[in-house]
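See below for the structure under consideration.
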Amino acid sequence: MALYAIGDLHLSLAVNKSMEVFGPAWENYVNRIEESLARLTEEDTLILAGDTSWGMSLAEAEADFRFLDRFPGKKYLIKGNHDYWWTTAAKFHAFCSEKGLTTLELLHNNCYFYGDYALCGTRGWFLEEEQKPHNAKVLNREVGRLETSLAAAGDRPILCFLHYPPLYQGYRCPEILAMLEKYRVRQCCYGHLHGPTIRRRIEGEQGDMAFSLISADYLGFVPKKICD
């Protein structure tokens with residue numbers, strides 16, 4: 001029994017958008033993902049920290065969901081900036097029920113429990129995405145979603161998963177970081193950084209919190225073990 005996390009799988013089994021065009025780091029990436037997920041057991045839990053599928057709708061993402069669903073263990077999905085298939089939780093659950101997908105859940109405006117830990121998360125906010133000033137409405141919405149998730153943890157120690165990094169070299173999102181500090185988050189894992197931007201990651205202890213980059217290409221497409 002173990003908790004794992006990985007982000008940015010960018011699966012595209014039903015659409016022509018393979019990540020292999022981005023160079024050797026992505027070569028044969030679907031097979032590499034398959035090999036690593038096949039090592040999971042029914043008792044394991046996997047956090048998928050955004051950008052899971054390139055599908056533009058639930059129908060287009062179905063092949064990617066079926067790919068993930070056939071591996072053992074529970075999977076919790078967080079929204080990424082390229083998850084265009086994302087819809088309401090009710091529609092997602094109805095879709096999974098109709099298609100017989102039994103291992104997938106959304107981590108969004110909620111939290112789940114793993115042993116003594118609370119698993120919390122949301123997409124987050126990323127100023128550098130468009131090189132524009134903060135969009136206050138979008139930022140506040142993400143901060144609110146994060147607080148809803150963190151507050152649901154109660155007194156349990158919190159492991160938080162974001163798609164966007166709340167900090168990296170040359171950038172901090174003070175609103176997100178303040179919320180993590182308010183709820184005394186133990187560890188924060190994030191994705192989104194690829195290629196040259198991986199060099200700007202911040203990992204390890206920052207005050208009382210530990211940070212980890214879990215982008216799939218950074219991890220070599222092998223999920224990071226968070227805890228037993």
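We number each residue from 1, following the sequence as shown.
- Heavy atoms from other residues, nucleotides or ligands lying under 6.0 Å from CZ of F22 number 12 at most.
- Distance OH/Y168 to SG/C173: 11.0 Å, rounded to 0.5 Å.
- For R156, the CZ atom sits in a packed shell: over 12 heavy atoms of surrounding residues, nucleotides or ligands are nearer than 6.0 Å.
- Closest approach of P223 and Y4 over heavy atoms only: CB-CB, 3.8 Å.
- Across Q187 and S212, no two heavy atoms sit closer than the pair NE2-OG, 3.5 Å.
- Ring planes of W85 and F92: tilted class, angle from 30 to 60°.
- With values rounded to the nearest 0.5 angstrom, L162 atom CG is found 4.0 Å from C188 atom SG.
- A continuous path of Ile, Leu, Val, Met, Phe, Trp and Tyr side chains, each step under 4.5 Å between heavy atoms, connects L101 with F67, placing both in one hydrophobic cluster.
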Begin with the C-alpha distance, continue with both residues' side-chain angles, and end with the deciding distance and a verdict on side chain to side chain contact (heavy atoms under 4.5 Å, CB included) for H192 and Y190. CA-CA 7 Å; H192 188 67; Y190 61 89; over 6 Å; no
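- Side-chain atoms of D64 and V15, non-hydrogen and from C-beta on, never get closer than 4.5 Å to each other.
- In terms of heavy atoms, A89 sits closest to L106 at CA-CD1, 3.9 Å.
- Residue L11 holds its CG atom at 9.5 Å from CZ of F65, rounded to the nearest 0.5 Å.
- No more than 12 heavy atoms of other residues, nucleotides or ligands sit less than 6.0 Å from atom OH of Y117.
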Assess whether side chain to side chain contact (heavy atoms under 4.5 Å, CB included) is satisfied between E60 and Y84, documenting all intermediate values. CA-CA 10 Å; E60 283 194 353; Y84 302 115; over 6 Å; no
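- For the atom pair CG (N109) and SG (C120), the distance works out to 11.5 Å, reported to the nearest 0.5 Å.
- D69 places a side-chain N or O within 3.5 Å of a backbone atom of T102 that can act as its donor or acceptor partner.
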Output, in order, the C-alpha distance, side-chain angles, deciding distance and verdict of salt bridge (Lys or Arg N to Asp or Glu O under 4.0 Å) for R145 and E142. CA-CA 5 Å; R145 286 172 175 162; E142 282 302 307; 2.8 Å; yes
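- Residues E62 and F95 form a side-chain contact, since some pair of their non-hydrogen atoms from C-beta on lies under 4.5 Å apart.
- Under the 3.5 Å distance criterion, the side-chain polar atoms of S215 are matched with a main-chain donor or acceptor of L193.
- At a threshold of 4.5 Å between non-hydrogen side-chain atoms, the residues Y112 and E105 count as touching.
- The side chain to side chain contact (heavy atoms under 4.5 Å, CB included) search around L3 returns T45, I47, Y114, L119, L159, F161, I226, C227, not counting sequence neighbours.
- Note: C96 SG to R66 CZ = 9.5 Å, rounded to the nearest 0.5 Å.
- The number of heavy atoms from other shown groups lying within 6.0 Å of CD (E203) is above 12.
- In the hydrophobic cluster analysis, where Ile, Leu, Val, Met, Phe, Trp and Tyr join through side-chain heavy atoms closer than 4.5 angstrom, I198 is grouped together with Y164.
- Under the 3.5 Å distance criterion, the side-chain polar atoms of R123 are left unmatched by any main-chain donor or acceptor of H163.
- Linking Ile, Leu, Val, Met, Phe, Trp and Tyr whenever their side-chain heavy atoms come within less than 4.5 Å puts L180 and Y183 in one cluster.
- If you take SG on C189 and NZ on K224, they are separated by 7.0 Å, rounding to the nearest 0.5 Å.
- Counting heavy atoms from C-beta outward, R39 and V222 have side chains that approach closer than 4.5 Å.
- With hydrogens and angles disregarded, a donor-acceptor distance shorter than 3.5 Å links the side chain of Y29 to the backbone of H10.
- Taking each heavy atom of A2 and K225 in turn, the nearest pair found is CB-CE, 3.9 Å.
- Panel note: side chain E20, backbone N28; a donor-acceptor pair is recorded below 3.5 Å.
- Between the side chain of D83 and the backbone N or O of T52, at least one donor-acceptor pair lies under 3.5 Å.
- Considering only heavy atoms from C-beta on, V143 stays 4.5 Å or farther from W125 through its side chain.
- Using a 4.5 Å heavy-atom threshold, the side chains of I78 and T122 count as separate.
- The shortest side-chain heavy-atom distance between L48 and L68 falls under the 4.5 Å cut-off.
- Inter-residue side-chain proximity for H194 and W26 is flagged as met; some heavy-atom pair is nearer than 4.5 Å.
- Counting non-hydrogen atoms of neighbouring residues, nucleotides and ligands closer than 6.0 angstrom, the CG atom of D208 reaches no more than 12 such neighbours.
- A distance-only check finds a donor-acceptor pair linking the side chain of T148 to the backbone of G144 [under 3.5 Å].
- In R141, the CZ atom is crowded: over 12 heavy atoms of neighbouring residues, nucleotides or ligands sit closer than 6.0 Å.
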Criterion side chain to side chain contact (heavy atoms under 4.5 Å, CB included) on M19 and W54, from CA distance to verdict: CA-CA 10 Å; M19 295 293 287; W54 276 116; 3.5 Å; yes
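- The minimum heavy-atom distance linking L150 with C160 is given by the pair CD2-SG, 4.5 Å.
- L104 and L13 fall within a single hydrophobic cluster, where Ile, Leu, Val, Met, Phe, Trp and Tyr are joined by side-chain heavy atoms under 4.5 Å apart, directly or via other members.
- Residue Y171 is grouped with residue Y218 when hydrophobic side chains (ILVMFWY) are merged at heavy-atom distances under 4.5 angstrom, including chains of intermediate members.
- Comment: R70 engages E34 in a salt bridge, judged by a side-chain N to carboxylate O separation of less than 4.0 angstrom.
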